[in-house]
Amino acid sequence: MTTRAEPNLTYAGYLHLDAILNAQHPVAPENEGPSVRAAEHFFIVTHQAFELWFKQLLLDLADAAKLLPPPASDVEQALDHLQRARSILRLLVQQMVLFDHLSPRSFLAFRPYLGTASGSESAQFREVQKALGLRGRAVSPVFVAFRAAMQARALTLEQTYRDPSAAGALYRVAEALVDISEEFWQLNAVHVQIAERTIGQRPGTGGTTGVAYLAEGLESARAFPELWDVRTRL
Ligand code: HEM
């Protein structure tokens with residue numbers, strides 16, 4: 001098969017920069033001043049970047065789930081996806097820390113214009129929670145796939161952890177899932193911190209108690225509990 005590049009393809013066209021770079025529309029009025037406009041622009045860009053990374057994260061987690069189970073299992077390829085997912089989550093932890101540069105003064109200046117819009121409405125974040133088995137009753141698809149791959153090799157979690165060399169790539173998958181679990185928890189923890197740093201104990205725009213509500217959620221933000229439990233049994 002011959003590959004043919006699109007002859008008129010440009011950098012801007014390929015990346016749809018026109019749409020992306022024109023998608024930042026601060027809602028605070030001009031008379032709030034340029035600093036407030038810049039702070040809101042920063043707030044928008046950061047949230048948009050989160051949503052783009054969530055999209056990639058969901059893709060990688062879904063692909064890993066497809067690649068793990070037999071008969072067409074390709075564990076090394078699944079591992080590539082899981083390791084990328086882990087690195088994206090790590091990046092998002094750092095991205096959350098960017099909000100240290102949103103002062104309470106500038107945030108409070110545009111916050112009233114946000115009305116009831118809240119991060120709690122992020123559909124993709126809910127999808128990420130589902131993919132990690134943290135929302136609803138369904139087990140994480142990627143964990144179900146991992147279990148199927150272990151079953152095909154007649155391995156238990158204990159054996160995998162007691163003899164990593166024998167388990168090979170499946171041991172590395174287990175540890176990649178632990179990394180993902182850890183990074184996701186970190187992301188939630190840093191979210192609580194930045195919320196407190198910017199709004200203190202004010203209620204959230206979504207109508208919750210704010211920081212207290214977010215801190216409570218940390219209890220149930222640990223994905224793949226089996227991989228944490230097995231450590232105690234070794
Ligand atoms: C200055 C930055 C931020 C502040 C002050 C903040 C604050 C809050 C607060 C107070 C809540 C509780 C719900 C409410 O009543 O509104 C919340 C929920 C949430 N926020 Fe943020 N947030 C910030 C940045 C982000 C970012 C960058 C994201 C990423 C998309 C995000 C995603 C979420 C999600 C998914 C929830 C729902 C959590 C849950 O119900 O489990 N937030 N946020």
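Each ligand, and each atom within it, is numbered from 1 in the order the structure gives. What you see is a predicted model; the values in this text were computed from it and never measured.
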Undergrad: Between Gln124 (side chain only) and Leu58 (backbone N and O only), is there a donor and an acceptor less than 3.5 Å apart?
TA: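 Checked: no pair found.
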Undergrad: For ligand 1, which atoms sit closer than 4.0 Å to a heavy atom of Thr205?
TA: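 Ligand 1 atoms under the 4.0 Å threshold to Thr205: 15 (O), 16 (O).
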Undergrad: Is the Phe43 to Tyr113 ring centre distance short of 6.0 Å?
TA: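 No, too far apart.
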Undergrad: Which of parallel (below 30°), tilted (30 to 60°) and perpendicular (above 60°) describes Phe107 and Phe110?
TA: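 It falls in the perpendicular class, over 60°.
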Undergrad: Considering heavy atoms of the protein only, find what lies nearest to atom 19 (C) of ligand 1 and give residue, atom and distance to 0.1 Å.
TA: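 Protein heavy atom at minimum distance: His191 CE1, 3.3 Å.
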Undergrad: Indicate, as side chain, backbone, both or neither, the part of His47 found under 4.0 angstrom from ligand 1 when only non-hydrogen atoms are considered.
TA: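 His47 to ligand 1: side-chain contact only, backbone stays beyond 4.0 Å.
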Undergrad: Please check whether Glu51 reaches ligand 1 - meaning an N/O of the residue sits under 3.5 Å from an N/O of the ligand, judged on distance alone.
TA: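 N/O-N/O distance below 3.5 Å does not exist for this pair.
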Undergrad: Check each heavy atom of Val211 against ligand 1 and say whether those closer than 4.0 Å belong to the side chain, the backbone, both or neither.
TA: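 Contact part for Val211 vs ligand 1: neither.
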Undergrad: Among protein heavy atoms, which sits nearest to atom 37 (C) of ligand 1, and what does the distance come to when rounded to 0.1 Å?
TA: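 Its nearest protein heavy-atom neighbour is Ser120 CA, 3.3 Å.
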Undergrad: Under a 4.0 angstrom heavy-atom cut-off, which atoms of ligand 1 come close to Phe107?
TA: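 Answer, ordered by atom number: 5 (C).
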Undergrad: At the 4.0 Å heavy-atom cut-off, does Thr46 count as touching ligand 1?
TA: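 Distance cut 4.0 Å: Thr46 fails for ligand 1.
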Undergrad: Looking at ligand 1, is there an atom of it that comes within less than 4.0 Å of some heavy atom belonging to Met96?
TA: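 Yes, that is the case, since the closest heavy atom of the residue is under 4.0 Å from the ligand.
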Undergrad: Can you tell me the protein heavy atom closest to atom 5 (C) of ligand 1 and the distance?
TA: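 Among all protein heavy atoms, the one nearest atom 5 (C) of ligand 1 is Thr198 OG1, 3.3 Å.
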Undergrad: Applying a heavy-atom cut-off of 4.0 Å, say which part of Arg126 lies close to ligand 1: side chain, backbone, both or neither.
TA: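 Only the side chain of Arg126 comes within reach of ligand 1.
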Undergrad: Would you check whether Gly207 reaches within less than 4.0 Å of ligand 1, judged by its heavy atoms?
TA: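 Under 4.0 Å: yes for Gly207.
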Undergrad: Just checking, any donor-acceptor pair under 3.5 angstrom between side chains of Gln129 and Arg126?
TA: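 Their side chains do contain a donor-acceptor pair, which is all the 3.5 Å distance test asks for.
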